[in-house]
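Right, one structure below, let's go through it.
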Amino acid sequence: MSDTKERSKTEVRAGRRTVPISRPEKVLFPGGPGGPGGPGGPDHSGDGITKSDLVDHYRAVSRLMLPHLRGRPLMMERHPDGIGGRPLMQKNAPDHFPDWIHRAVMPKEGGEVTHVVCDDVATLVYLAGQACVTPHRWLSRADRPHHPDRLVFDLDPPPDAGFEEVRWAARRMCALLGEVGLPGLLMTTGSRGLHVVVALDRREDFDSVRDFARDAADLLAARHPDRLTTEPRKAKRAGRLYLDTQRNGYAQTAVAPYAVRARPGAPVATPIAAEELDDPELRADRWTLRTIGERLERDPWAGAGTRGRSLNAPRRRLAELSRETLPDDGDSRRNGN
């Protein structure tokens, strides 16, 4: 009996390395009979996206994606049996990964974890060959793991809301950040919502960054209590969009820009410019592995606030705005919006 797995290999040139890919024909996103994924959504009926397609995607986006990955521990979301199978949410770098892949040993309670660090296109391609559909990145870098250089607001819409609600909330969040002197970077998540990202100077630890994020979210929710909430319990959100700041913690992760999501159609987490919020066709899954090529000629985040900022002056300004808006018992109100 012939060994099909042994024959089913290819090699891909990635930077200075040639990366072996096993079973490149393996279908990771099987086509389904369901047709379009919803009103205005992409047609998923003929996905048939293979591991080779995934490798090609990560090669194509590497120029724009790698600056957002270098130096950061990753969590790998692997789907060896395709997105219909059980995912592997993997933090530890397996022993069989090649020595040339960079690693970072990060402390955790009661031990340590050896994470993959994706510093080059060869690593990105190798991970795709391991059926890592989605790399999730830390918000800090391995050399100062307790001091984030990214702050993330995750705008999570209620189940039956249209994407207009997310666009509306993103405009208000960016406007608030502008009031305190911080630029906000926007990204579709490829799932349901948008991320608003702030680049930081790594001078503050996660606790103080998370406190700032919570205070900003609390203020915005207090300004629009009928449409926004900071309530983490879904049953108490009362149909309002959730301003999620819980990713801003040590060892927490957020989906990386240009990462494919393990959803029908292979949607891609895509950086956007602020003016694109005015596009009524914008959705969380607007761009997919098949269509992202149209976005790769330019970087919408270039020159748009990627330099790390201090939170000192923004924190003072936020406190002033909060005193104008919030009741004196702001702490007791937190998460009750």
Side-chain angles (χ1 to χ4, degrees), residues 1-32 44-66 68-70 72-104 113-137 190 255-269 287-293 296:
M1 179 175 169
S2 62
D3 189 342
T4 303
K5 285 188 177 181
E6 193 65 32
R7 293 201 315 265
S8 180
K9 289 184 179 180
T10 190
E11 293 184 336
V12 173
R13 189 69 182 173
R16 299 178 181 179
R17 299 189 182 277
T18 299
V19 181
I21 305 295
S22 64
R23 302 184 68 196
E25 77 290 346
K26 170 69 179 177
V27 175
L28 299 179
F29 294 77
H44 307 319
S45 58
D47 288 354
I49 293 169
T50 65
K51 186 188 290 187
S52 180
D53 294 324
L54 188 69
V55 167
D56 289 345
H57 165 80
Y58 281 116
R59 287 179 70 198
V61 303
S62 62
R63 178 183 65 85
L64 295 175
M65 187 176 188
L66 282 170
H68 305 292
L69 297 179
R70 287 192 180 103
R72 298 179 188 279
L74 296 182
M75 180 177 69
M76 300 170 285
E77 181 181 340
R78 298 175 60 196
H79 291 263
D81 298 319
I83 66 168
R86 184 176 180 178
L88 301 176
M89 307 302 288
Q90 191 164 8
K91 297 180 180 181
N92 265 309
D95 292 339
H96 69 266
F97 275 26
D99 292 342
W100 50 263
I101 288 181
H102 296 171
R103 294 160 169 82
V113 179
T114 301
H115 289 266
V116 167
V117 178
C118 185
D119 287 334
D120 53 40
V121 62
T123 301
L124 199 53
V125 165
Y126 183 86
L127 295 181
Q130 296 296 305
C132 177
V133 171
T134 312
H136 299 264
R137 62 176 183 161
V255 63
Y258 301 101
V260 176
R261 305 309 301 271
R263 298 170 67 88
V268 174
W287 292 281
T288 70
L289 179 147
R290 301 288 197 202
T291 64
I292 191 63
L296 303 183

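Along the sequence shown, residues carry numbers from 1. Bear in mind that the values here come from a model prediction, so they are computed numbers and not experimental data.
- The number of heavy-atom neighbours closer than 6.0 Å to NZ of K26, taken from other residues, nucleotides and ligands shown, is above 12.
- Side-chain atoms of K51 come within 3.5 Å of backbone atoms of S22 as a donor-acceptor pair (strictly under, hydrogens ignored).
- Without hydrogens or angle criteria, R103 side chain to I101 main chain gives a donor-acceptor distance under 3.5 Å.
- A pairwise comparison of heavy atoms in P267 and G190 identifies CG-O, 3.1 Å as the closest pair.
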>> Apply side-chain contact (heavy atoms from CB on, under 4.5 Å) to residues V19 and W100 and explain how you reach the verdict.
In response: CA-CA 11 Å; V19 181; W100 50 263; 4.3 Å; yes
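- The side-chain heavy atoms of P94 and M76, taken from C-beta on, include a pair separated by under 4.5 Å.
- Here the side chain of R78 pairs no donor or acceptor atom with the backbone of A131 at under 3.5 angstrom.
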> side-chain contact (heavy atoms from CB on, under 4.5 Å) between H57 and M65: does it pass, once the steps are laid out?
Replying inline: CA-CA 11 Å; H57 165 80; M65 187 176 188; 5.8 Å; no
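- For the residue pair A104 and V117, the shortest heavy atom distance occurs at CB-CG2, 3.6 Å.
- With rounding to the nearest 0.5 Å, the separation of CZ in R59 from CG in L124 is 11.0 Å.
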>> Using the rule given for side-chain contact (heavy atoms from CB on, under 4.5 Å), can you reason through H79 versus E77, listing the C-alpha separation, both sets of side-chain angles and the distance that settles it, and then say yes or no?
In response: CA-CA 7 Å; H79 291 263; E77 181 181 340; 2.9 Å; yes
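- A donor-acceptor pair under 3.5 Å is formed between the side chain of H115 and the backbone N or O of L74.
- With rounding to the nearest 0.5 Å, the separation of CG in D119 from CG in L69 is 9.0 Å.
- With values rounded to the nearest 0.5 angstrom, L66 atom CG is found 7.0 Å from D120 atom CG.
- Scanning both residues, Y58 and Y258, for their nearest heavy atoms gives CE2-O, 3.9 Å.
- Heavy atoms only, all atoms of each residue included: L296 and A60 are closest at CD1-O, 3.8 Å.
- Inter-residue side-chain proximity for P20 and K9 is flagged as unmet; no heavy-atom pair is nearer than 4.5 Å.
- Side-chain atoms of N92 come within 3.5 Å of backbone atoms of T114 as a donor-acceptor pair (strictly under, hydrogens ignored).
- Counting all heavy atoms, side chain and backbone alike, A14 lies closest to V121 at C-CG1, 3.7 Å.
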> Are R290 and D53 close enough, and set up right, to give a side-chain contact (heavy atoms from CB on, under 4.5 Å), and what steps lead you there?
Replying inline: CA-CA 9 Å; R290 301 288 197 202; D53 294 324; 3.9 Å; yes
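- R72 has its side chain out of reach of R70: every pair of non-hydrogen atoms, C-beta onward, lies at least 4.5 Å apart.
- Annotation for T288 and G265: closest pair CB-O, 3.3 Å, computed over non-hydrogen atoms.
- Contact check for P80 versus L88: side-chain heavy atoms found under the 4.5 Å cut-off.
- Note: L54 CG to Q130 CD = 11.5 Å, rounded to the nearest 0.5 Å.
- With V133 as reference, V260 is the one residue of L289, V260, L127 to meet the side chain to side chain contact (heavy atoms under 4.5 Å, CB included) rule.
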